Amino acid sequence: MEHANLRRQAASLKKSLFDQGYLDEQFYQVEDLQDEANPNFAEEVVSLFFKDSARVMLNIEQAIEKYPRDFARWDAHMQQLKGSCSSIGASRVKNECTSFRNFCGEENAEGCMRSFQKVKREHAVLRQKLESYFQLLRQAGPAGIATRPAGK
């Protein structure tokens with residue numbers, strides 16, 4: 001009974017992540033690659049995403065400090081982060097990366113700074129929410145392998 005309750009909580013949390021725009025269809029694609037032979041695949045991919053994206057965000061911060069107004073350099077780093085976000089379905093972070101890149105195209109340093117702060121906030125919120133989601137799945141046990149809600 002407890003495992004079924006944990007699975008319901010995980011499903012509800014995942015649904016809210018989609019409803020609030022944190023995740024998009026690509027996240028389902030990642031989960032679809034998970035099977036009995038590799039039951040933690042999605043969690044491992046997401047964990048690697050957060051490790052890599054933290055490094056890329058540090059690179060962006062350093063580029064902003066070392067190369068003021070080098071919008072092409074900033075944009076190149078943000079393109080890398082945007083691609084990583086797309087690969088796991090991190091929709092809100094990806095959208096904010098797009099906003100940052102648009103500000104780079106306008107050579108709007110202040111807009112870039114504001115947008116980068118939003119990128120970092122969205123990234124932190126998504127990390128916390130996905131950590132909670134995967135923790136619920138681990139507690140639910142092997143039967144808690146993620147599935148798509150009906151109609152998706």
Side-chain angles (χ1 to χ4, degrees), residues 1-61 63-64 74-106 108 110-152:
M1 185 63 186
E2 177 67 19
H3 295 291
N5 186 38
L6 290 169
R7 282 189 288 282
R8 278 193 299 277
Q9 288 177 30
S12 176
L13 178 54
K14 182 167 72 172
K15 182 182 183 316
S16 76
L17 290 171
F18 279 89
D19 291 348
Q20 295 171 24
Y22 284 103
L23 297 175
D24 65 25
E25 185 68 22
Q26 183 61 33
F27 188 77
Y28 287 132
Q29 302 289 326
V30 172
E31 287 189 321
D32 284 348
L33 297 173
Q34 194 162 278
D35 59 19
E36 294 82 22
N38 199 352
N40 299 322
F41 180 78
E43 184 175 9
E44 291 167 8
V45 167
V46 168
S47 178
L48 288 172
F49 161 76
F50 282 114
K51 182 179 178 184
D52 183 60
S53 59
R55 179 189 55 78
V56 173
M57 288 192 305
L58 180 62
N59 290 345
I60 294 168
E61 282 190 52
I64 289 171
W74 299 0
D75 183 61
H77 286 297
M78 190 57 76
Q79 175 61 25
Q80 185 180 1
L81 181 59
K82 181 181 174 188
S84 294
C85 291
S86 293
S87 72
I88 70 153
S91 184
R92 283 174 63 161
V93 182
K94 179 186 74 178
N95 291 343
E96 204 51 57
C97 290
T98 299
S99 178
F100 179 97
R101 296 190 70 219
N102 289 339
F103 284 122
C104 283
E106 298 166 4
N108 180 341
E110 186 178 308
C112 287
M113 301 305 164
R114 281 193 318 269
S115 183
F116 187 50
Q117 293 308 311
K118 290 180 185 175
V119 167
K120 291 193 292 188
R121 269 195 310 274
E122 292 292 350
H123 182 270
V125 169
L126 180 63
R127 180 179 210 139
Q128 181 270 319
K129 289 179 180 288
L130 284 176
E131 284 173 355
S132 296
Y133 170 68
F134 286 116
Q135 180 179 7
L136 285 169
L137 288 180
R138 283 192 306 275
Q139 290 171 345
I145 290 175
T147 56
R148 290 179 190 231
K152 292 286 180 180

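Values in this document were obtained by computation on a predicted structure and should not be read as measured data.
Remark: the backbone N or O of F49 is paired with a side-chain donor or acceptor of S53 at under 3.5 angstrom. At distances below 3.5 Å, at least one donor-acceptor pair connects side-chain atoms of S132 with backbone N or O atoms of Q128. R92 places a side-chain N or O within 3.5 Å of a backbone atom of Q20 that can act as its donor or acceptor partner. Q26 places no side-chain N or O within donor-acceptor distance of the main-chain N or O of I88, the cut-off being under 3.5 Å.
Listed here is the closest heavy atom pair of S87 and V30: O-CG2, 3.6 Å. The minimum heavy-atom distance between S115 and F103, with the atom names listed, is CB-CD1, 3.9 Å. When all heavy atoms are compared, the tightest approach of K94 to D24 is NZ-OD2, 3.6 Å. Taking each heavy atom of E25 and F18 in turn, the nearest pair found is N-CE2, 4.0 Å. Nearest approach of G21 to S91, heavy atoms of both residues: O-CB, 3.3 Å. What you find for I64 and W74 is that their closest heavy atoms are CA-NE1, 3.5 Å.
Annotation: the span from R7 atom CZ to E2 atom CD amounts to 10.0 Å, rounded to 0.5 Å. Note that the CZ atom of F100 and the CG atom of N108 stand 10.5 Å from one another [nearest 0.5 Å]. For the atom pair D19 CG and L17 CG, the distance stands at 9.0 Å (nearest 0.5 Å). A distance of 8.0 Å separates CG of L130 from CG of L13, quoted to the nearest 0.5 Å. Summarising the geometry, atom OG belonging to S99 is positioned 13.0 Å from atom CZ belonging to F116; distances are rounded to the nearest 0.5 Å. Within the model, atoms CG of L6 and CD of Q135 stand 9.5 Å from one another, a figure rounded to the nearest 0.5 Å.
For the pair R121 and E96, the salt-bridge criterion is not met [side-chain N within less than 4.0 Å of a carboxylate O].
Within the 4.5 Å cutoff, the side chain of L136 has no heavy atoms near those of the Y133 side chain. Under the 4.5 Å side-chain criterion, counting only non-hydrogen atoms from C-beta, L126 is not in contact with H123.
Applying the salt bridge (Lys or Arg N to Asp or Glu O under 4.0 Å) test to E61 and every residue at least two apart in sequence or in another chain returns K120. In this structure E44 satisfies the salt bridge (Lys or Arg N to Asp or Glu O under 4.0 Å) test with no other residue, sequence neighbours excluded. Residues forming a salt bridge (Lys or Arg N to Asp or Glu O under 4.0 Å) with R55 (at least two apart in sequence, or on another chain): D52. Qualifying salt bridge (Lys or Arg N to Asp or Glu O under 4.0 Å) partners for K129, counting only residues two or more places apart in sequence or in other chains: none. In this structure E106 satisfies the side chain to side chain donor-acceptor pair (under 3.5 Å) test with no other residue, sequence neighbours excluded.
M78 pairs with exactly one of N59, T98, I60 by the side-chain contact (heavy atoms from CB on, under 4.5 Å) rule, that one being I60.
For the salt bridge (charged side-chain N to carboxylate O under 4.0 Å, His left out) condition, the pairs that include at least one residue of residues 75-87, sequence neighbours left out, are D75-R101.
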